[in-house]
Amino acid sequence: MKKQLRFRADGTFKIVQFTDVEFSDSQADDEIKMRAMMQRILQSEKPDLVVYTGDVIASGGSSDVTQLFRNAVALPEQMEIPWAVVFGNHDSETVNMTREQLHALQLTHRFCYAKPDPPLVDGVGNYVITIQDRHNDPAAALYFLDSGSYSPLEYSRLGFYDWIRRSQIQWYVDQSYRLTDQNGGQPLPSLAFFHIPLPEYNDIWDFSTCYGHKLESSCCTPWINTGFFAAMVEMGDVMGTFVGHDHGNDFWGTLHGIRLCYGRTTRNAYLNRPFLTGARVIALTEGVRDFQTWLHLEDGSIINAQPEHLPEGRALRV
C-alpha cells in the first residue's frame, strides 16, 4: 500500500519537529525523561507528521546502532503517527553502521514516510513528500535533504561542518519544476527540512529582525555556500526551512520571503544554562501559501510569540 500524506477534512496539516534527540542509552534518566516529554507533546498536539531534523542518535561508540535508532523513533511508530528523518553529524560517527544502512533501516518501519534515495545525488536521505488535498491532488510539498556531517575540506581548515552539495540542489530544482508543472505552473507551497543551518541563518540574525533565542556564540553553519538558498528563492516554492544542530538556538527570521527557522532542541545536551527542551510545531492550511509555527516546551507551555531581536550587524574578523 502506497503511503500518502493528506490534509485533514478541515484543511489543516500539523507537523511536530523533534531535533537533536541523540538517543544513546534507553535506561539513562535523562533519556527516560526526554521520551516522556516527547510522548506528552505528541499526545497534546496530535500531529499528522513527526520530523526528526538530525542527530537522531549519538552513534559514536555504540555497539548496537540499530537498537538506538529503533528507540529513537519508537514513539511515533507505536502511536501510529507518520514520521520521517533527515540525518545529522552524530548519526554516522561509528564504523558499525553507515549512513546508507541507517536510511535503509528507517525505510523498514511501518509508519516511516521517507523514500529511497534518488540515483546520482550526493548525501543519504534526500526525498520529497507531497501532501494531497481533498481532490487527491498534491497541495503542498515537504523537501528533506542530507546536509552531511563534517567538512570534507577540514584538513585545509575550510570549516568544520558539511554542506548541501550541488547535485542535491539540482535534484531539488528538478523536483520543484516537476511539481510546479503538475500544478498548472504554480509552485506548490513547500517546506524544507535538514540538519545543519545554511550560512544565511547567520545573516538573518545579524542583519534582520528575528524572533527567538541565539544562545550559541554563532550559528554553526558551513563555510561554503553552495547556493541552496538562492535556488529556493528562484524556484519560489519553499516558504520555510527547519534545522537543528545548534542546541541553544530557536530563532526564526525572514529573508527574501523565506522564513529560516530553528527547531527547539529536544535534548539539552550541551548548554550550561537553563533552557527548556521541547519541539517546534508547524501548521499548514490547504490552499494557503503560509504556515504558522510555535514552540511546545517540556513544562507544557506553548510559545506563540518569541522575543524580538533587532539586528546588531557583524564585527569584522581580524
Side-chain angles (χ1 to χ4, degrees), residues 17 19-20 53-54 86 88-89 143 145 147-148 150-151 153-154 157-166 168-169 172-173 176 187 189-265 270-271 273 275 278 280-282 289-295 303-318:
Q17 177 196 3
T19 193
D20 299 87
T53 46
V86 290
N89 49 294
Y143 290 95
L145 293 100
S147 56
Y150 299 102
S151 169
L153 301 177
E154 187 183 350
R157 301 185 65 81
L158 197 58
F160 188 65
Y161 291 109
D162 212 339
W163 48 83
I164 294 173
R165 307 302 174 85
R166 284 173 291 178
Q168 294 172 276
I169 298 170
Y172 153 71
V173 169
S176 180
S190 304
L191 306 175
F193 299 87
F194 42 97
H195 179 65
I196 299 174
L198 301 173
E200 284 81 3
Y201 274 76
N202 273 316
D203 294 338
I204 57 169
W205 182 263
D206 291 339
F207 304 118
S208 303
T209 299
C210 291
Y211 301 89
H213 302 88
K214 178 175 171 287
L215 301 183
E216 305 284 355
S217 58
S218 65
C219 302
C220 293
T221 69
W223 289 14
I224 295 294
N225 191 327
T226 51
F228 181 48
F229 181 81
M232 291 188 288
V233 172
E234 291 169 356
M235 298 310 298
D237 56 350
V238 173
M239 306 178 293
T241 64
F242 300 86
V243 302
H245 192 52
D246 297 328
H247 293 217
N249 298 348
D250 68 0
F251 69 83
W252 65 269
T254 302
L255 181 63
H256 301 309
I258 299 177
R259 269 194 270 177
L260 305 179
C261 308
Y262 273 100
R264 177 73 169 220
T265 186
Y270 306 120
L271 296 178
R273 68 190 80 181
F275 193 60
R280 181 171 287 282
V281 186
I282 308 144
R289 185 176 171 73
D290 198 3
F291 64 90
Q292 295 178 304
T293 184
W294 59 90
L295 303 180
I303 309 298
N304 287 293
Q306 295 178 255
E308 182 181 72
H309 171 266
L310 298 178
E312 300 176 356
R314 182 180 301 165
L316 292 175
R317 292 181 178 177
V318 293

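Position 1 is the first residue of the sequence; numbering continues from there. Any value given below was found using the heavy atoms of this structure, including those in side chains, with hydrogens, waters and symmetry copies removed.
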Colleague: Does some side-chain heavy atom of Pro199 sit less than 4.5 Å from a side-chain heavy atom of Pro222?
Modeller: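 A side-chain contact under 4.5 Å exists here.
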
Colleague: In Å and rounded to the nearest 0.5 Å, what is the CZ to OH distance from Phe251 to Tyr211?
Modeller: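 If we round to the nearest 0.5 Å, Phe251:CZ and Tyr211:OH are 13.5 Å apart.
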
Colleague: Decide yes or no for Ile196 and Cys220: does some side-chain heavy atom of the first lie under 4.5 Å from some side-chain heavy atom of the second?
Modeller: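 Side chain of Ile196 against side chain of Cys220, heavy atoms only: no contact under 4.5 Å found.
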
Colleague: Compute the centroid of each ring, for Tyr150 and then for Phe160, and state whether the two points are separated by less than 6.0 Å.
Modeller: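 Between Tyr150 and Phe160, the centre distance is under 6.0 Å.
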
Colleague: Could you check whether Tyr143 and Phe242 have their ring centres less than 6.0 Å apart?
Modeller: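 Judged by ring-centre distance (under 6.0 Å), Phe242 and Tyr143 do not meet the cut-off.
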
Colleague: May I have the list of side-chain donor-acceptor pairs in residues 305-313 shorter than 3.5 Å, sequence neighbours left out?
Modeller:
from	atom 1	to	atom 2	distance (Å)
Gln306	OE1	Arg280	NH2	3.1
Gln306	NE2	Asp250	O	3.1
Gln306	NE2	Asp250	OD1	3.3

Colleague: Which distance, rounded to the nearest 0.5 Å, do you find between the CH2 of Trp163 and the OG of Ser147?
Modeller: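 Answer for the CH2-OG pair, Trp163 versus Ser147, is 12.0 Å.
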
Colleague: Mind running side chain to side chain contact (heavy atoms under 4.5 Å, CB included) on Thr226 and Ile169 for me, showing each step along the way?
Modeller: CA-CA 8 Å; Thr226 51; Ile169 298 170; 3.7 Å; yes

Colleague: Would you name the heavy atoms of Asp246 and Pro197 that are closest together and state the gap between them?
Modeller: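 Smallest heavy-atom distance, with atoms named: OD2-CG, 3.8 Å.
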
Colleague: Taking all non-hydrogen atoms of both residues into account, name the closest pair between Pro187 and Gly236 and its distance.
Modeller: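 What the structure gives for the nearest pair is CB-O, 3.5 Å.
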
Colleague: Taking all non-hydrogen atoms of both residues into account, name the closest pair between His195 and Gly54 and its distance.
Modeller: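 His195 and Gly54 have their closest heavy atoms at ND1-CA, 3.5 Å.
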
Colleague: Enter the distance from Trp252:CH2 to Cys261:SG here, rounded to the nearest 0.5 Å.
Modeller: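 Rounded to the nearest 0.5 Å, the CH2-SG separation comes to 7.0 Å.
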
Colleague: What's the spacing between Ile204 CD1 and Leu260 CG if we round to 0.5 Å?
Modeller: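 So the gap between those two atoms works out to 4.5 Å.
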
Colleague: As a quick check of understanding, evaluate salt bridge (Lys or Arg N to Asp or Glu O under 4.0 Å) for Lys214 and Asp206, giving each step before the final call.
Modeller: CA-CA 11 Å; Lys214 178 175 171 287; Asp206 291 339; 5.7 Å; no

Colleague: So, Tyr262 versus His213, ring centres under 6.0 angstrom or not?
Modeller: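 Aromatic pair excluded; centres sit 6.0 Å or further apart.
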
Colleague: Would you call Met239 and Leu191 a side-chain contact if the rule is heavy atoms closer than 4.5 Å?
Modeller: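 Touching, per the 4.5 Å side-chain cut-off.
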
Colleague: Taking Asn304 for its side chain and Trp294 for its backbone only, find out whether a donor-acceptor pair lies under 3.5 Å.
Modeller: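 Flag not set: sc Asn304 to bb Trp294 has no pair under 3.5 Å.
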
Colleague: Starting at CG of Leu145, measure out to CZ of Phe228 and round the result to the nearest 0.5 Å.
Modeller: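 Reported value, rounded in 0.5 Å steps: 4.5 Å.
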
Colleague: Under the 3.5 angstrom rule, does the side chain of Thr19 hit a backbone N or O of Thr265 as a donor-acceptor pair?
Modeller: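 A pair under 3.5 Å: no.
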
Colleague: Can you see which heavy atom on Val173 is nearest to which on Ala231, and at what distance?
Modeller: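 Answer, listing the atom of Val173 first, then Ala231: CG2-CB, 4.2 Å.
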
Colleague: Are Asn225 and Glu200 linked by a side-chain donor-acceptor pair shorter than 3.5 Å?
Modeller: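 Checked: Asn225/Glu200 side chains pair up, N/O donor to acceptor below 3.5 Å.
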
Colleague: Inspect the contact between Arg314 and Asp203 and indicate whether a charged nitrogen and a carboxylate oxygen are less than 4.0 angstrom apart.
Modeller: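 Salt bridge: yes.
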
Colleague: Please report the C-alpha distance between Thr53 and Val243 in whole Å, then the side-chain angles of each, then the deciding distance to 0.1 Å, and finally whether the side chain to side chain contact (heavy atoms under 4.5 Å, CB included) criterion is met.
Modeller: CA-CA 6 Å; Thr53 46; Val243 302; 6.0 Å; no

Colleague: Looking at Phe275 versus His247, is the centre-to-centre ring distance below 6.0 Å?
Modeller: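 No, too far apart.
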
Colleague: Between Tyr161 and Trp223 (side chain of the first, backbone of the second, donor and acceptor by atom type, cut-off under 3.5 Å), is there such a pair?
Modeller: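 No, the answer is negative, given that no donor and acceptor are paired below the 3.5 Å cut-off.
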
Colleague: As an exercise, state the distance from CD of Gln168 to CZ of Arg166, rounded to the nearest 0.5 Å.
Modeller: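 The CD atom of Gln168 sits 11.5 Å away from the CZ atom of Arg166.
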
Colleague: Return the minimal non-hydrogen interatomic distance between Gly263 and Gln17, and the atom names on each side.
Modeller: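 Shortest heavy-atom separation between Gly263 and Gln17 comes out as CA-OE1, 3.4 Å.
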
Colleague: With side chain to side chain contact (heavy atoms under 4.5 Å, CB included) as the test, would you mind laying out the steps for Val281 and Arg264 before giving the verdict?
Modeller: CA-CA 9 Å; Val281 186; Arg264 177 73 169 220; over 6 Å; no

Colleague: When you check the gap from the basic side-chain N to the acidic O, do Arg289 and Asp237 get nearer than 4.0 Å?
Modeller: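 Answer for the salt bridge query: no.
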
Colleague: Given 3.5 Å as the limit, does a donor-acceptor pair link the side chain of Asn249 with the main chain of Glu216, or not?
Modeller: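 Judged by distance alone, yes, a pair lies under 3.5 Å.
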
